Amino acid sequence: MSYHFNDIEANWQKYWAENQTFKASNTSDKPKYYVLDMFPYPSGAGLHVGHPLGYIASDIYARYKRHKGFNVLHPQGYDSFGLPAEQYAIQTGQHPAITTDTNIKTYRRQLDQIGFSFDWSREVRTSSPEYYKWTQWIFIQLFESWYNKDNNQAESVDTLISMFSSEGNANINADCDDDITIFSSEEWNGYPSEEQQDILLKYRLTYLAETEVNWCPALGTVLANDEIVNGVSERGGHSVMRKKMTQWSMRISAYAERLLQGLDTIDWTDSLKESQRNWIGKSVGASVTFDVNDHDEIIDVFTTRPDTIYGVSFMTLAPEHDLVSKITTEDQKAEVDAYIQATAKRSERDRMADVKTISGAFTGAYAEHPFTKQSLPIWIGDYVLAGYGTGAVMSVPCGDQRDYDFATHFNISIPNIFEGVDISEEAYGSKDNVKITNSDFLDGLNCKKASKTAIYELEKLGQGEGKTNYRLRDAVFSRQRYWGEPFPVYYVNGKPQMIAKEYLPIRLPEVEKYLPTEEGEPPLGRADVWAWDTNTNTVVSNDLCHSEQSEESHNGVYPLELNTMPGWAGSSWYFFRYMEDAMRDEAFASEDALNYWENVDLYIGGSEHATGHLLYSRFWVKFMKDRGFVNVEEPFKKLINQGMILGTSAFVYRVNFSTSIFGTFESKSEEEKKYRNEVSKLIPSIFVSKNFFDGKSLLEFSDFMKEKHLKTYQNKDILEKVKSLKEKDSRIISINTHVSNVTDTLASNINKINVKVEYVNASDELDIKGLKQDKEFGEDYASAIFIGNNGEIIESDNDVYKVGREVEKMSKSKYNVVNPDQIVKDYGADSLRLYEMFLGPLEQAKPWNTSGITGVHGFLKKLWKLYIDDNGLKVNDAEPSKEALKTLHKTIKKVEDDIENFSFNTSVSTFMIASNELTAQKCTSKAILEPFLVLLSPYAPHIAEELWSRLGNDPSISTVPFPKFEEKYLVESSKNYPISFNGKMRFTLELPLDMNKDDIEKIVMAHEKTIAQLDGRTPKKVIIVPGKIVNIVG
RNA sequence: GCUGAAGUGGUGGAAUUGGUAGACACGUUGGACUUAAAAUCCAAUGUCCCCUGGGACGUACGGGUUCAAGUCCCGUCUUCAGUACCA
């Protein structure tokens, strides 16, 4: 009887499903444990071997906890709203719901065949109306809340309204928009309803406001800060620009301090906490007010260095700052306008790529120094960001390098206020070991004291105060997309109104196309039935609603919101929905369920969500706690990031190196050849026709390369590496020092440019996509690629390329994806599970190498043979041997420790060692082999269940108690002592463990090998650590 | 630049408090079985040197502490990830 894993695995998966083995109960005497995976977005490509890594780890932990007597909740679901399904819908006209459904079926099939112990009865899908009803409900709650800074929590807007009408807003300490004016209760009560609504909007935790947003024209939507990576959209890599738009926002900034403090209470990795701390970006300093000369205006700035107030020699405003137009003088107007226009044209990416160029313009206006009353010129410069602080800075060139560079460039004075510090070369940014000078009342103080004193004096003048600033911005919550949660919002005279809870969910309407309308409205603008009838409280046809109708003739029918919610809306609270039946309609989860499960004990997922999902969920949970909807302050107690499984991509290097951007080398010294060779490796090539390249910017070119799945390295990698080479040898490349230079060089001097080509079909590594294998040079070589005048890819047999391998992120676009289906078919789910764990530490990124799976598969086959051979079951009731008991108990201890420490890779090798030992011992004892199956079952549940039942036990093994470790079986009577000389181990000696130091020394010193080692010398010292080591120093 | 993590054989990776570096696998080589292959089993496998048995060197590099350092301390380099005109 051999190991037929396919049949065994299918049988047990069927058994688990039919018997609902892993269904969690909300009532139990056992302690609870909640293990959660970050739920997947069901993409069309299905799972690759990287996806299940975290699921396998959490599954092992969940199964282990069941063996340990916990009531385990281990659910799974789908984050099923999102861009890819919508993009696919735009291209094919297929409804995203259908695509999503198909993809979910694929995911489910793939997940099921790996044997996870998920409780599928609690499955959630963020795109199902039963689910997003509650996402909408939470949105309404946010709208109905404001943040009270006095008691540091969110409260109902009703309390705000009653305070307004009884005492006005003068004493209210709220987190709200900056431009709130003070009003009395009489004034409030006298305001028309619409004005009251406008005021309340400035206090609500989700609010509609015109803000500067990241607009992505290619995607046709706005993006949140965390959806932008390196100045381009995270999805698709499209360019992003700043634009003012009226959008829904979430007042997450109100929670900045609590989000920061909360990090100390949770068990997450330091790096992840650090990312969140950076993202929140707390800085302590002061706000200072400067009067503008000859104007009524003031400039507010934020500074972390109030101690340097006497070092201020000018002011700088962001080009977008409101004041700029008001204070610019006639003479300077032309220059300032030109500068503003120039900066507005630059994309975020350009601005980021080029931080070294100093630019700015003088407004002609002056501000007054609060203490010296000196006139300070007011400049604008794009190194000051409109989005941070107040969009204005007090420039202290002696203390800040950016101010220093700006002052040097525009010839502004650089007063020095640091005692004994030389600032002729650069600014002195440090706060340490320096005293302030030339600063009147601050003279002689250190920076810390000077800061406090300066703030005190500013407060006396009424021109400043201590202030804490956060980098964390309010999160834009509107998306101009179809496939997301609709807002439960309609508009009366342009003022947003919430739809009452009992009419939720507001279902996503049907549209005939998933694109924006011709008028530029979001896709929901195409829906025919998308207006709110306040008489019937239903969604009705748009025909009944005419926005141009007067207030009297609207008939109670109003337009509905056209935006949808962003991807993170649904994922910010889904962990609560799992707490009971996901179809429940009376509440998002019952109070009992919330009280019982509390929050997630163990959360496993990728670190790419550090500043998105993981921050937003924490924000929503804190809000829900404030309003009494849940009773926990943090969603995830412990969090582990699984590392990425990397794929191996193949690419080609150019071998013969004829024409190059480096010009021709006349002499061919070995030295030069070496460098050329090195350079050619750095910049392996494909050839691009000059005609094709002409007129294209580097950016456009790189977009083209991306489209063709070719990777360019010009910008950063190549240039930096080339630069380092240049430093080694000046003959190399006097051409390439700046990006612009390369562009020029490429465009004018040559008709070939060198870039790296990669991506071939990794499923058949040697069948290089688009390339022919070169016969002469063997299979590791391939012919060249040309890119023709029209961007077509042409093969050539003139040049020869070496095929290389590089390990990188697994992705469909890189042709390096390994599908788990094939692995499961060939080796079985248990092999896949063991192998993914065996690859290395969970948190670490590691390359996938399919050939290694034979190792764990071989282990399972050997294990099978330990229990069953051609004659059937080998296991009997024989007394276990001492060695077998030792093997078992040392394995129990190691596996238990490993699981508790999430060190799954080392337990797999422990199983192998145990299995090898038991085989060598010819162990057939049930007393050993039966508990061994329980140890293995979290890792390889199918084979464990099968052998468990073949041993005559009732299924399922999944709730059998974990074997108890007993120290007594490991007690040894002797120790194989390593005998070292000067710390180097020379030989070993078996000695009884209870032997004392003196006896050990006598025996060791008398040993012939010791005498040989010492060669007549007398040792200076003999170190003996009983039970550990003997070291002879001589 | 800043923050975080990490550098160990041909490869993935082990090594509990400082105590026998390289567990467990992959790969490679040799052998057994076989007409042959697959599968399976056995042996060897850090590098170098005399090759019976040993010896020297070895955990990115340079120092230090210690009887003893992959592990602790100081400095340097490299890689990966995140982040960045954040005032």
Side-chain angles (χ1 to χ4, degrees), chain A residues 2 229-231 269-279 281-283 285 301-305 308 316 318 351-352 354-358 381-385 387-396 399-403 405-406 429 469-473 607-608 610-611 641 643-644 646 834-835 838-841 843-856 858-859 861-862 865 893-894 897 901 903 905-913 915-916 976-988 1012 1019-1025 1027-1034:
Chain A
S2 58
V229 178
N230 295 329
T269 61
D270 289 339
S271 68
L272 207 109
K273 288 185 184 182
E274 203 53 35
S275 298
Q276 292 217 341
R277 283 192 196 105
N278 288 339
W279 194 258
K282 180 178 183 174
S283 46
V301 303
F302 173 74
T303 177
T304 53
R305 297 292 302 270
T308 63
T316 315
R351 228 165 123 163
M352 281 168 64
D354 177 29
V355 296
K356 295 218 171 71
T357 314
I358 295 155
D382 67 359
Y383 81 96
V384 178
L385 303 177
Y388 182 76
T390 60
V393 299
M394 57 176 226
S395 301
V396 184
D400 183 289
Q401 195 57 44
R402 291 155 304 166
D403 295 342
D405 294 340
F406 195 87
N469 212 32
Y470 299 90
R471 196 184 81 105
L472 184 67
R473 300 265 70 90
S607 59
E608 67 272 21
T611 50
N641 292 126
M644 222 181 315
L646 305 167
L834 282 171
Y835 186 54
F838 190 55
L839 276 175
E843 292 97 330
Q844 191 177 306
K846 46 212 170 267
W848 178 269
N849 177 6
T850 305
S851 66
I853 202 168
T854 54
V856 291
F859 155 70
K861 285 201 275 193
K862 276 187 253 176
K865 280 200 233 158
K893 178 157 175 48
K894 177 81 173 123
D897 287 352
N901 293 314
S903 173
N905 54 327
T906 48
S907 342
V908 179
S909 62
T910 304
F911 290 134
M912 289 174 175
I913 293 166
S915 157
N916 289 343
N976 197 20
Y977 277 93
I979 314 297
S980 12
F981 294 80
N982 295 322
K984 288 188 206 311
M985 203 280 288
R986 288 305 176 206
F987 62 94
T988 59
K1020 285 185 193 135
K1021 205 174 178 185
V1022 178
I1023 310 273
I1024 294 164
V1025 184
K1028 285 242 160 115
I1029 197 167
V1030 177
N1031 192 16
I1032 298 162
V1033 186

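Throughout, a chain's letter reflects where its sequence line sits, starting with A, and its residues are numbered from 1. In what follows, every heavy atom counts, from backbone to side chain, and hydrogens, waters and symmetry copies are set aside. The model shown is predicted, which means the values in this text are computed figures rather than measured ones.
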S.K.: Could you tell me whether Asp897(A) contacts a base, only the sugar-phosphate backbone, or nothing, with contacts defined as non-hydrogen atoms closer than 4.0 Å?
M.R.: nothing

S.K.: How long is the line joining CG of Asn641(A) and P of G82(B), in whole Å?
M.R.: 12 Å

S.K.: So what does Lys861(A) touch, heavy atoms closer than 4.0 Å: a base, only the sugar-phosphate, or nothing?
M.R.: sugar-phosphate

S.K.: Sugar-phosphate atoms are those with a prime plus P, OP1 and OP2; base atoms are the rest. Using that split, label each nucleotide of nucleotides 49-70 of chain B B, S or - for protein heavy atoms under 4.0 Å, 5' to 3'.
M.R.: ------SS----------BS--

S.K.: Whole angstroms only, please: what is the CD-P distance between Glu608(A) and C80(B)?
M.R.: 19 Å

S.K.: Over how many whole Å does the gap from Asn849(A) atom CG to U11(B) atom C1' extend?
M.R.: 8 Å

S.K.: Using a 4.0 Å heavy-atom cut-off across all strands, classify Asp405(A) as base, sugar-phosphate, or nothing.
M.R.: nothing

S.K.: Between A6(B) atom C1' and Lys846(A) atom NZ, what is the distance in whole Å?
M.R.: 14 Å

S.K.: Among side-chain atoms of Thr316(A) and Ser395(A), is any donor-acceptor pair under 3.5 angstrom?
M.R.: yes

S.K.: With rounding to whole Å, what would you report as the distance between U71(B) and A6(B) at their P atoms?
M.R.: 14 Å

S.K.: Quick check: on RNA chain B, is the nucleotide nearest Lys865(A) upstream (toward 5') of the one nearest Ile1029(A), or the reverse? Name the residue that is more 5'.
M.R.: Ile1029(A)

S.K.: Taking atom types as modelled, is there a side-chain donor on Asp405(A) or Tyr383(A) under 3.5 Å from an acceptor on the other?
M.R.: no

S.K.: For Ser271(A), report the nucleic acid contact type (base, sugar-phosphate, nothing); a contact means any heavy atom under 4.0 Å.
M.R.: sugar-phosphate

S.K.: Mind checking who C41(B) pairs with, Watson-Crick or G-U wobble, both distances under 3.5 Å?
M.R.: G31(B)

S.K.: Parallel under 30°, tilted from 30 to 60°, perpendicular over 60°: which one fits the rings of Tyr835(A) and Trp848(A)?
M.R.: perpendicular

S.K.: Given the P atoms of G62(B) and G70(B), what is the spacing between them in whole Å?
M.R.: 14 Å

S.K.: Can you tell me the distance, in whole Å, between the CD atom of Glu274(A) and the P atom of C80(B)?
M.R.: 21 Å

S.K.: What is the distance, rounded to the nearest whole Å, between atom NZ of Lys282(A) and atom P of U83(B)?
M.R.: 22 Å

S.K.: What is the pairing partner of C26(B), taking Watson-Crick or G-U wobble pairs with both distances under 3.5 Å in any strand?
M.R.: G10(B)

S.K.: Check every atom of U83(B), A87(B), G13(B) against the side chain of Arg471(A) and return the nucleotide holding the closest atom.
M.R.: U83(B)

S.K.: With nearest nucleotides of RNA chain B determined for Val908(A) and Arg473(A) from heavy-atom distances, which residue corresponds to the more 5′ nucleotide?
M.R.: Val908(A)

S.K.: Checking all strands, does Gln401(A) fall into the base, sugar-phosphate, or nothing category for heavy-atom contacts under 4.0 angstrom?
M.R.: nothing

S.K.: Just name whichever nucleotide pairs with A68(B), Watson-Crick or G-U, keeping both distances under 3.5 Å, else none.
M.R.: none

S.K.: Within a strict 4.5 Å, meaning less than it, do heavy atoms of the Thr308(A) and Met394(A) side chains meet?
M.R.: yes

S.K.: Which atom names give the shortest non-hydrogen contact between Leu385(A) and Asp382(A), and what distance separates them?
M.R.: CD2-O, 4.3 Å

S.K.: Determine the interatomic distance between C1' on A14(B) and the same-named atom on U3(B); round to the nearest Å.
M.R.: 30 Å

S.K.: For the residue pair Thr906(A) / Ser903(A), report whether a side-chain donor-acceptor contact shorter than 3.5 Å exists.
M.R.: yes

S.K.: Does U59(B) have a Watson-Crick or wobble partner in any strand here, with both distances under 3.5 angstrom, and which is it?
M.R.: none

S.K.: Side chain of Tyr388(A) only, heavy atoms from C-beta on: which candidate in A87(B), G13(B), A25(B) is closest?
M.R.: A87(B)

S.K.: What is the minimum heavy-atom distance between Ile979(A) and Ile1032(A), and which atoms define it?
M.R.: CG2-CD1, 4.1 Å

S.K.: Where the side chain of Ile913(A) is defined as all heavy atoms beyond and including C-beta, which of G13(B), A84(B), A23(B) is the nearest nucleotide?
M.R.: A23(B)

S.K.: Test side-chain hydrogen bond (donor to acceptor under 3.5 Å, both in side chains) on Ser283(A) and Tyr388(A); report intermediate values, then the result.
M.R.: CA-CA 12 Å; Ser283(A) 46; Tyr388(A) 182 76; 3.1 Å; yes

S.K.: I'd like the P distance from U59(B) over to U20(B), given in whole Å.
M.R.: 16 Å

S.K.: What is the nucleic acid contact for Thr988(A), judged by heavy atoms within less than 4.0 Å: base, sugar-phosphate only, or nothing?
M.R.: base

S.K.: Counting only Watson-Crick pairs (N1-N3 plus N6-O4 or O6-N4) and G-U wobbles (N1-O2, O6-N3), all under 3.5 Å, who is the partner of G1(B)?
M.R.: U83(B)

S.K.: Taking syn as within 90° of 0 and anti otherwise, name the glycosidic form of G75(B).
M.R.: anti

S.K.: From the set A87(B), U83(B), A14(B), return the single nucleotide nearest to any side-chain atom of Trp279(A).
M.R.: U83(B)

S.K.: Does CE belonging to Met912(A) count more than 12 external heavy atoms closer than 6.0 Å?
M.R.: yes

S.K.: Distance check, P atoms only: G7(B) and C72(B), in whole angstrom units.
M.R.: 11 Å

S.K.: Scan Lys862(A) against the nucleic acid and name what it touches under 4.0 Å (heavy atoms): base, sugar-phosphate only, or nothing.
M.R.: sugar-phosphate

S.K.: When the P atoms of G4(B) and G54(B) are compared, how many Å lie between them, rounded to an integer?
M.R.: 49 Å

S.K.: Return the minimal non-hydrogen interatomic distance between Gly1027(A) and Tyr977(A), and the atom names on each side.
M.R.: N-OH, 2.6 Å

S.K.: If you check every side-chain atom of Arg402(A), which of U40(B), A87(B), A14(B) has the closest atom?
M.R.: A87(B)

S.K.: Rounded to the nearest 0.5 Å, what separates atom CG in Leu834(A) from atom CD1 in Ile853(A)?
M.R.: 9.0 Å

S.K.: P atom, G46(B) versus A21(B): distance in rounded Å?
M.R.: 14 Å

S.K.: Indicate whether OP1 or OP2 belonging to G13(B) is found under 4.0 Å from a side-chain N or O atom of Gln844(A).
M.R.: yes

S.K.: At 4.0 Å (heavy atoms only), tell me whether Thr910(A) reaches a base, stays on the sugar-phosphate, or touches nothing.
M.R.: nothing

S.K.: Expressed as a whole number of angstroms, how long is the span from Leu839(A):CG to G12(B):P?
M.R.: 11 Å

S.K.: Name the nucleic acid region contacted by Phe838(A), choosing base, sugar-phosphate or nothing; use a 4.0 angstrom heavy-atom cut-off, strictly under.
M.R.: base

S.K.: I'd like the P distance from U66(B) over to G9(B), given in whole Å.
M.R.: 29 Å

S.K.: In this structure, how many angstroms lie between the P atom of G19(B) and the CE atom of Met985(A), rounded?
M.R.: 15 Å

